[in-house]
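Quick caveat, the model's predicted, so the values are computed rather than measured. Along the sequence shown, residues are numbered consecutively beginning with 1.
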Amino acid sequence: MSGFGEYLDRLSGSGILRAIHMVINGVAAGAGIFLLVTGVTGLFDVYKTFGGMTMPLMCSVLGLLVTFVSFLGIVGSIKRNQYIFATYSALLTLLVVVQIIALLVIWLHPEHIEDRFSTAWEGLYDKDPDTIRYIEKDLKCCGFKSPTDMPVPAHCITKKHYGFTVGCLEPLEHQWHQRRTAVLWAGLAIVGAQVISLLMGAELARRYKRAREGGYHRVPERTEGSPLLRA
């Protein structure tokens, strides 16, 4: 390392801090990609009829934003540019607020979802029985609340390749709660990492600004030695 980058790191002692900041943003970017993939997959999932489109859309948008802002933080660390850091900090602050609101919306989502699931099942039973057949095979269940409650095929409890003795409501609710919990924990982990990254980014920007205001002069290499010795 030489030149202005060396000067900044020697003067401000920011080398290790910058490396940690890059690692945290890299982890956040990976989590953002996870959210993005989860959301996009959910948009085309057969179970979206029951879970709705709100959570997959929210995961897709937040995942895209988290990934973009995290990469911006990495670029700011590499370039050692206080203006990129300022943009990054502003966007990250706004994103953290948006994510906290989104997590509260998911957390406060109604726990009693039986009525919504029942309406969705009735719609599929009338218009798309093949989807119900797929769900029954996937979740190893038969009918909605019981094997006699709108099953496909009729009396699937005794049909070959079926023979499931429980309704699909409980497995559907269990799956929905699992996905909701996973999104909540992932969101909390991302927000925590972003808050730490925000504080570190602000400290890096302050140190870089102080270094620039102090003026930059080339740092002599150790091999150059003293001018008196060269004389």
Stepwise side chain to side chain contact (heavy atoms under 4.5 Å, CB included) test for Leu91 and Phe68: CA-CA 10 Å; Leu91 290 176; Phe68 170 75; 4.1 Å; yes
Side chain to side chain contact (heavy atoms under 4.5 Å, CB included) between Val66 and Leu36, intermediate numbers included: CA-CA 9 Å; Val66 168; Leu36 178 60; over 6 Å; no
Side chain to side chain contact (heavy atoms under 4.5 Å, CB included) between Met58 and Leu103, worked out: CA-CA 10 Å; Met58 191 179 297; Leu103 288 173; over 6 Å; no
Criterion side chain to side chain contact (heavy atoms under 4.5 Å, CB included) on Val166 and Lys140, from CA distance to verdict: CA-CA 8 Å; Val166 296; Lys140 296 179 173 56; over 6 Å; no
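The NE2 atom of His21 sits 11.0 Å away from atom CD1 of Ile196, with the distance rounded to the nearest 0.5 Å. Once rounded to the nearest 0.5 Å, the distance linking CE of Met150 with CD of Glu122 reads 4.5 Å. Taking CD1 of Ile132 as the reference point, atom CZ of Phe144 lies at 9.5 Å (rounded to 0.5 Å). Here the CG atom belonging to Asp149 is positioned 7.0 Å from the OG atom belonging to Ser118, to the nearest 0.5 angstrom. The structure places CG of Leu169 at 13.0 Å from NE2 of His174, a figure rounded to the nearest 0.5 Å. Rounded to the nearest 0.5 angstrom, Asp128 CG and Tyr134 OH are separated by 12.5 Å.
Hydrophobic clustering, with ILVMFWY side chains joined whenever heavy atoms are under 4.5 angstrom apart, groups Trp121 together with Leu139. If you chain together hydrophobic residues whose side chains sit under 4.5 Å apart, Val195 and Val98 fall into the same group. A continuous path of ILVMFWY side-chain contacts below 4.5 Å connects Val96 to Leu65, so both sit in one hydrophobic cluster. Under the 4.5 Å side-chain heavy-atom criterion for Ile, Leu, Val, Met, Phe, Trp and Tyr, Leu95 and Leu184 are members of the same hydrophobic cluster. Clustering ILVMFWY residues whenever any of their side-chain heavy atoms sit less than 4.5 angstrom apart, transitively, puts Leu188 in the very cluster that holds Leu62.
Among all heavy-atom pairs drawn from Ser89 and Leu198, the shortest one is O-CD1, 3.6 Å. Between Gly167 and Pro147, the closest heavy-atom pair is N-CD, 4.2 Å. Contact between Ser197 and Ile24 at its shortest, heavy atoms only, is CB-CG2, 3.9 Å. In this structure, Glu136 and Cys168 approach most closely via the heavy-atom pair CG-SG, 3.8 Å. Minimum interatomic distance between Tyr125 and Pro151 (heavy atoms only, all atoms of both residues): CE1-O, 3.4 Å. Residues Gly76 and Ile84 approach most closely at CA-CG2, 3.5 Å, considering heavy atoms.
No donor-acceptor pair closer than 3.5 Å links the side chain of Asp45 to the backbone N or O of Thr41. Although no hydrogens or angles enter the test, the distance criterion places a donor-acceptor pair under 3.5 Å between the side chain of Ser60 and the main chain of Val40.
Between Trp176 and Phe117, the ring planes lie perpendicular to each other; the angle is over 60°, past the 30° to 60° tilted range.
Put simply, the side chain of Ile190 reaches to within 4.5 Å of the side chain of Leu35, judged on heavy atoms. Within the 4.5 Å cutoff, the side chain of Tyr88 has no heavy atoms near those of the Val75 side chain.
Comment: Arg133 does not engage Asp138 in a salt bridge, judged by the lack of any side-chain N to carboxylate O separation of less than 4.0 angstrom. Taking the charged nitrogens against the carboxylate oxygens, Glu170 and Lys145 have no contact shorter than 4.0 Å, which rules out a salt bridge.
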